[in-house]
Novice: 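Sharing a structure, written as structure tokens. Questions coming.
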Amino acid sequence: MVITRNGLVLGATAVTLSTIAVTSLGIHSQGQALFKESPKELVDEVWQIINKQYVDGTFNQVDWKAVRSEYLNKSYKNNEEAYKSIREMLKKLDDPYTRFMDPEEFKNMQVDTSGELTGIGIQIGLDEKTKKLTVIAPIEDTPAFKAGILAKDTIIYINGKSTEGMDTNEAVSLIRGEPGSKVNLTILRDGQRKEFTITRARIEIHPVEFSQKQTPAGNIGYIRLKQFSANAAKEMRDAIKNLESKQVSGYILDLRNNPGGLLYSSVDIARMWMDRGTIVSTIDRQGEMEREMANGRALTNKPLVVLVDKGSASASEILSGALQDNKRAVVVGSQTFGKGLVQSVRPLDDGSGLAVTIAKYHTPLGRDINKHGIDPNIVVDLNDKQRQDLWLKEREKVGTQADPQFAKAVEVLAKEIAAKGTSAQRN
């Protein structure tokens, strides 16, 4: 999930099972509620927002005016009946990214992303093709990660309840719970069912880890970015400055298993690596485009290789796509997840909330990431067993020559450093 300063969310079927900041990051109503008195008026408020903002002017071939008549002709005794109708109404759009949250669900979303989470530590969404509840990525070093949950796992049962037809709100309410309590997940992976019992916990996340490494490419900086949280840009800046002071000759930026986070964090971080060029563009239903640009304040121009895998989603795809399209970095690893829709998240008058798909994002060269993801310049695929062995059983190998994707990144970086040195000599 990606949330912007203006309340935009990219890939917003992604729900962190624990917390995602909304109000504390400046997400706010973009207009007063149209009505303030009855449940029926709440239904109409939602209809009006979709009518004005939804990314597809045909409403996915739905007669949206007829939908309004259908649901405003009903009687509602209380807000719960209105909530049920709103969910039915939104379901007609067949868009898993556009969803309604009752006050409790919206409150649970309004938690600061400064680094403390409560839950099992995964991001989930509805797969756009299969409509199945799917793991986008486990957050590193969380209970779900340590239990062996992988990106692209399909969740078919939660505590014995089938997820068939279940939306992300219901899934979140079933998986969320008090720290120390347990949740049972049944996963479908490569046609095989797997059972997991996971203990919920309070989770503290430090988004950036970095180190200086002596490799066949020389003295290099290695930076792991786990999540684009509110403090990720500051930690990234500190990491780059520290490594620059040690005169590293190049960098490997590891975005593997990074499920995304805040859009402005990805833009700020891109600017640390890029002096010029477009970072990302968003396109609404009128075809109007907004671009985020580099600002000439890069912290380093040294050679860069970016590592990605199928757990790299949303903000990770924005950053890797920007660096790749601008030829600022070589991308190594596996094809990324493929989350590229923009949502506006806004509170409603009664304390409930609505996430609406309002745009899609493209890389600087106009690539539509949604559903496809970023294709690495150099593909190094690991199968599920290799990934699980590396990230769970042999974590000490991550970021070493025993890590196949990292080893390839070092090989590529050595060539980039040599090429830059030759170019500098010519000049």
Side-chain angles (χ1 to χ4, degrees), residues 1-16 20-23 25-35 41-65 67-68 71-72 82-103 105-110 124-126 128 131 167-170 172 260 262-264 282-290 314-315 339-362 368 370-371:
M1 177 182 283
V2 180
I3 306 174
T4 77
R5 285 191 176 99
N6 296 319
L8 300 182
V9 179
L10 285 82
T13 33
V15 177
T16 302
I20 287 289
V22 180
T23 52
L25 291 170
I27 290 183
H28 55 279
S29 175
Q30 296 169 347
Q32 296 298 314
L34 298 174
F35 307 98
E41 288 157 352
L42 181 66
V43 174
D44 197 49
E45 182 183 3
V46 171
W47 185 92
Q48 296 283 355
I49 293 169
I50 299 294
N51 190 53
K52 291 176 181 177
Q53 295 191 350
Y54 191 66
V55 65
D56 181 358
T58 73
F59 304 96
N60 293 339
Q61 310 302 317
V62 171
D63 186 341
W64 197 239
K65 290 184 178 178
V67 169
R68 183 174 190 258
Y71 284 93
L72 291 189
Y83 298 160
K84 182 179 178 182
S85 279
I86 289 169
R87 288 191 170 104
E88 288 176 1
M89 186 168 70
L90 296 180
K91 209 163 190 177
K92 293 178 183 292
L93 293 172
D94 194 28
D95 173 11
Y97 295 85
T98 295
R99 63 192 183 97
F100 172 79
M101 292 160 278
D102 65 31
E105 291 164 341
F106 192 53
K107 181 181 177 183
N108 286 327
M109 193 181 180
Q110 295 171 319
I124 62 171
L126 292 178
E128 288 187 78
K131 308 300 181 187
D167 65 16
T168 52
N169 289 330
E170 185 178 357
V172 168
L262 310 176
L263 174 60
Y264 70 77
T282 58
I283 304 167
D284 64 17
R285 82 182 187 196
Q286 281 81 38
E288 294 178 1
M289 183 182 295
E290 289 188 15
S314 204
K339 286 289 174 187
L341 294 180
V342 185
Q343 289 195 318
S344 171
V345 177
R346 54 183 292 169
L348 302 172
D349 192 51
D350 72 328
S352 56
L354 182 67
V356 187
T357 302
I358 63 168
K360 56 187 177 179
Y361 72 78
H362 284 179
D368 186 348
N370 199 47
K371 300 184 184 179

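Here the structure is a predicted model, which means the values were calculated and not measured.
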Novice: What's the shortest heavy-atom distance between Ser314 and Gly260, and which atoms?
Specialist: CB-CA, 4.4 Å
Novice: Nearest 0.5 Å, what's the CG-CG distance between Asp102 and Leu348?
Specialist: 11.0 Å
Novice: Could you pull out all donor-acceptor pairs under 3.5 Å where a side-chain atom in residues 84-91 meets a protein atom, sequence neighbours excluded?
Specialist:
residue, atom, partner, partner atom, Å
Ser85, OG, Tyr76, OH, 3.3
Arg87, NH2, Glu105, OE1, 2.6
Arg87, NH2, Glu105, OE2, 3.4

Novice: Got a second to check how far Ile283's CD1 is from Ile358's CD1, nearest 0.5 Å?
Specialist: 13.0 Å
Novice: Indicate the atoms forming the closest heavy-atom contact of Arg99 with Thr168, along with that distance.
Specialist: CD-OG1, 3.5 Å
Novice: Give a yes or no answer on whether the side chain of Tyr361 reaches the backbone of Lys339 with a donor-acceptor pair at less than 3.5 Å.
Specialist: yes
Novice: Relative to each other, are the rings of Tyr83 and Phe100 parallel, tilted or perpendicular (30° and 60° limits)?
Specialist: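 Correct class here is tilted.
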Novice: Taking atom CD of Glu41 and atom CG of Asp350, what is their separation to the nearest 0.5 Å?
Specialist: 12.0 Å
Novice: List the atom of Val55, the atom of Arg285, and the distance in Å for their closest heavy-atom pair.
Specialist: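 Where Val55 meets Arg285 most closely, the heavy atoms are O-CB, 2.6 Å.
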Novice: Which heavy atom of Met101 sits nearest to which heavy atom of Ser352, and what is that distance?
Specialist: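 Looks like O-CB, 3.1 Å.
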Novice: Show your reasoning for whether side chain to side chain contact (heavy atoms under 4.5 Å, CB included) applies to Arg346 and Val356.
Specialist: CA-CA 9 Å; Arg346 54 183 292 169; Val356 187; 5.5 Å; no
Novice: Looking at NE2 of His362 and CG of Asn370, how far apart are the two atoms once the value is rounded to the nearest 0.5 Å?
Specialist: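 Rounded to the nearest 0.5 Å, the NE2-CG separation comes out at 9.0 Å.
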Novice: Can you name the nearest heavy-atom pair linking Val43 to Ala82, along with the distance?
Specialist: CG2-CB, 3.8 Å
Novice: Roughly how far, to the nearest 0.5 Å, is OH of Tyr54 from CG of Leu93?
Specialist: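 Answer for the CG-OH pair, Leu93 versus Tyr54, is 5.0 Å.
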Novice: Could you grab the distance from atom CG of Leu72 to atom CH2 of Trp47, nearest 0.5 Å is fine?
Specialist: 8.5 Å
Novice: Ignoring hydrogens and geometry, is there a side-chain-to-backbone donor-acceptor pair from Thr98 to Thr357 under 3.5 Å?
Specialist: yes
Novice: Near Lys65 NZ, under 6.0 Å, is it more than 12 heavy atoms from other residues, nucleotides or ligands?
Specialist: no
